[in-house]
Amino acid sequence: MEAGLPDRLFREPRQTPARIVHLGLGAFFRAHGAIYIAEAMKSSGEDWGITGVSLQSSGTRDRLRPQGWAYTAVKLGPDGEKPQIVDVLRDVLVAPENPQAVLDAMTATEVQIVSLTVTEKGYCHEPSTGRLNREHPDIRHDLDNPLPKSAPGFLVRALQARHALGLPPFTVLCCDNLPENGHVVRGVVLELAEAIDPALAAWIDMRGAFPSTMVDRIVPATSAADLDRLQVLTGMRDEAPVMHEPFRQWVIEDRFAGSRPDLEAVGVQMVADVTPFEHMKLRMLNGTHSSLAYLGYLAGHETIADTVADSAFSGYVRALWQHEIIPSLTPPSGTDLQHYATALHDRYANPAIRHRTWQIAMDGSQKLPQRILATIAEARAAGRHVPGLTLAVAAWMRYVSGRDEADQPIEVKDPLAPSLAALWHEDPAQTVQGFLKLEAVFPTALREDTAFADDLTAALTGLMADGARAMVQKLHG
């Protein structure tokens, strides 16, 4: 134990080179992918250490550095809390402080994989189309400067450096909740590379690898109370622990540009096509998570567990799965969607997981297109009614107005927050018409669907008149 830190978690930092660089070192990756990789290393005896990169601030680096980059992951289950030490990080870099150091790490000969959890908005794309948003301020910067700011910019500039050095490309492994996430990231990277150097884009197109993935684990935000409780449990102070549910799943298309860890040995599903898995998870888990977050928050529920403990919301989410979401899905081979829905409800109801509705409600303009709106568009095209999902969209519109049902302020976290708030009017029809002009959010089929506009207006009118719980009760109570 390091002198001066008798009660603090500490590990002597390992000096072996990292073979993976991870952009966006938030709680989710540290509670999911990093644990899988640490287990794969232990299983195979191969060293696949990770250099983490924070793209925004130094907080994670500053908390982890005194601990030798080690941290505690705590499994929160009905049978209690089970901690484990995760010792897979080799370094943590802060991109705004030294972008060249990040590019150097990504260009290192031994690096085989660059993985990402930068959230939907981190790809600087239009969620409704998947195309690069060339007007995004970070993209405009990255087009004109060799030292990038955005995640796509770091990918392109690092691949450019590797190409110039005669090194093979790394595999880009997206771990964010985007449909066909590998395809989306590949498209954004190729668009940006084409604008910088067409020859580079051609090389990436020919040699690069962007496997799609599906990730699943509920990871609530860590609180100060969690830190104090963990210190009592373990006898050590950890300033950077992560909390997670027992369940986990990682499905990856087995398309890599170079070598990779032996992930199958620790339960990762390596498949030829991840699409059925990602549609199942994005719509059944993420779609209902967002629906419960907006409606639950408006009804005064702090967490998802609190929300589904309310019988009205429990009935609502079960009806969403049964009548509105499952009919839109082709299940992965060997998967029972009814069983999956039951397991999801049990996970939501886990009282040990304090997953705040406010946290899930962040960045709705980036999340709704793939989580909810795609399902609505497909259902309407097939002639199916989806009143519950339509109500969830109306709840999002009410939420981003910035005022709750008691006229108290809501701290809205969304890249479009100011413009979304400006669309709010006391007339529901006028509000709906304004929102449906958002090409970056609503697909063309819904923007041009007058019947959908009428249904959305009716749902918003009901929310304003009766409140979220009453509307949920009326639908599926």
Under 3.5 Å, is there a donor-acceptor pair between the side chain of [X] and the main chain of [Y]?
X	Y	result
D262	A40	no
R90	V88	yes
R384	E324	no
E110	P17	no
S223	D226	yes
R354	E302	no
D414	L416	yes

Would you say the side chains of [X] and [Y] form a donor-acceptor pair under 3.5 Å?
X	Y	value
N133	Y123	no
S115	H22	yes
D91	T51	no
T171	R260	no
Q370	N177	no

Relative to each other, are the rings of Y297 and Y399 parallel, tilted or perpendicular (30° and 60° limits)? perpendicular

Using 30° and 60° as the class limits, which term best fits the ring planes of F442 and F452: parallel, tilted or perpendicular? tilted

Can F170 and L155 be said to form a side chain to side chain contact (heavy atoms under 4.5 Å, CB included), step by step? CA-CA 9 Å; F170 44 68; L155 293 173; 4.1 Å; yes

Cation-pi between R398 and Y294: NZ/CZ under 6.0 Å from ring centre and within 45° of the ring axis? no

Pi-cation contact, Y71 with R30 (under 6.0 Å, within 45°): yes

Search all heavy atoms of L295 against all heavy atoms of A392 and return the closest pair with its distance. CD1-CA, 4.3 Å

H301 ring center within less than 6.0 Å of F313 ring center: yes

